[in-house]
Amino acid sequence: MDHGAHHTSTAHDQAAHQAHAGHAGHHMDGVTWGAAAKATLHCLTGCAIGEILGMVIGTTLMWGNVQTMILAITLAFVFGYSFTLFAVRRAGLGWKSAVKVALAADTVSIAVMELVDNGIIALTPGAMDAHLSDALFWTALLGGFAVAFVITTPVNKWMIGRGKGHAVVHAYH
């Protein structure tokens, strides 16, 4: 398609340009809540997998709370980054560039999620000492993810609207 026509027109229609580019709702001045929620859910999925795996491993090995949380948070970042990393690698980006994109896209989102959901777990009476078979363990963990999603979505919307965070991934979709 002739992109020159877009730029020679006296009445450049930004919305039409966004739709043409395939990124309607993701451009800096038109970020939708749906786009922000999708980016947050993408991040939350990786975080949840890593964090649950870390909690299960730490609890199974009968590690202390601090060691288990460190493992869970570390794995949350690893899995959170990996979702973006593999997506941009599939799009043809080299490893070094893909790592840079994943770090730029997800660091703030994952950090906010981890701060919120681990804060909820730490502040829920008895949750840190609950076992995998206890409803309290899963309620605190899943409740923390839900609250983290609600808090992180506006953060992602704000970041995407400024061309940061998950917005950097859209060039590779």
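As the structure is a computational prediction, the values presented were derived from the model and not from experiment.
In this structure a side-chain-to-backbone donor-acceptor pair under 3.5 Å is missing from Lys157 to Thr32. Using modelled atom types, no side-chain atom of Thr124 and backbone atom of Ala127 make a donor-acceptor pair closer than 3.5 Å.
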Only pairs under 3.5 Å count here: list side-chain donor-acceptor contacts from residues 132-149, not counting sequence neighbours, and write none if there are none.
| unit_1 | atom_1 | unit_2 | atom_2 | d |
| --- | --- | --- | --- | --- |
| Asp134 | OD2 | His131 | N | 2.8 |
| Trp138 | NE1 | Leu132 | O | 2.5 |
| Thr139 | OG1 | Ala135 | O | 2.7 |

Could you give the side-chain donor-acceptor pairs of residues 50-69 under 3.5 Å, partners two or more places apart or in another chain?
| unit_1 | atom_1 | unit_2 | atom_2 | d |
| --- | --- | --- | --- | --- |
| Thr59 | OG1 | Met55 | O | 2.7 |
| Thr60 | OG1 | Val56 | O | 2.6 |
| Asn65 | ND2 | Asp129 | OD1 | 3.4 |
| Gln67 | OE1 | Gly64 | N | 3.4 |
| Thr68 | OG1 | Gly64 | O | 2.9 |

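Counting all heavy atoms, side chain and backbone alike, Met113 lies closest to Cys43 at CE-CB, 3.4 Å. Closest approach of Leu93 to Val101, counting heavy atoms only: CD2-CG2, 3.7 Å. Closest heavy-atom contact between Ile160 and Ala39: CD1-CB, 3.9 Å.
Taking Lys100 as the reference, Lys96 meet the side-chain contact (heavy atoms from CB on, under 4.5 Å) condition, with sequence neighbours excluded. Residues meeting the ring pair (Phe, Tyr, Trp, His ring centres under 6.0 Å) test with Phe77, sequence neighbours left out: Tyr81. The side-chain hydrogen bond (donor to acceptor under 3.5 Å, both in side chains) search around Asn156 returns Thr40, Ser109, not counting sequence neighbours. Under the side-chain hydrogen bond (donor to acceptor under 3.5 Å, both in side chains) criterion, Thr84 pairs with His42, Asp106, not counting sequence neighbours. Annotation: side-chain hydrogen bond (donor to acceptor under 3.5 Å, both in side chains) contacts of Ser97 (sequence neighbours excluded): none.
The distance from atom CG of Asn118 to atom CD1 of Ile73, rounded to the nearest 0.5 Å, is 4.0 Å. Distance CD1/Ile70 to CG/Leu75: 12.0 Å, rounded to 0.5 Å.
Hydrophobic clustering (ILVMFWY, side-chain heavy atoms < 4.5 Å, transitive): Val155 and Ile120 are in one cluster. Side-chain heavy atoms closer than 4.5 Å link hydrophobic residues (I, L, V, M, F, W, Y) into clusters, and following such links, possibly through other members, connects Ile110 to Phe86. Two different hydrophobic clusters hold Leu103 and Val88 under the rule that ILVMFWY side chains link at heavy-atom gaps under 4.5 Å. In this structure, Val112 is a member of the same hydrophobic cluster as Trp158, with clusters built from ILVMFWY side-chain heavy atoms closer than 4.5 Å.
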Between Ile49 and Phe83, does the side chain to side chain contact (heavy atoms under 4.5 Å, CB included) criterion hold? Intermediate values first, please.
CA-CA 11 Å; Ile49 291 169; Phe83 276 39; 3.7 Å; yes
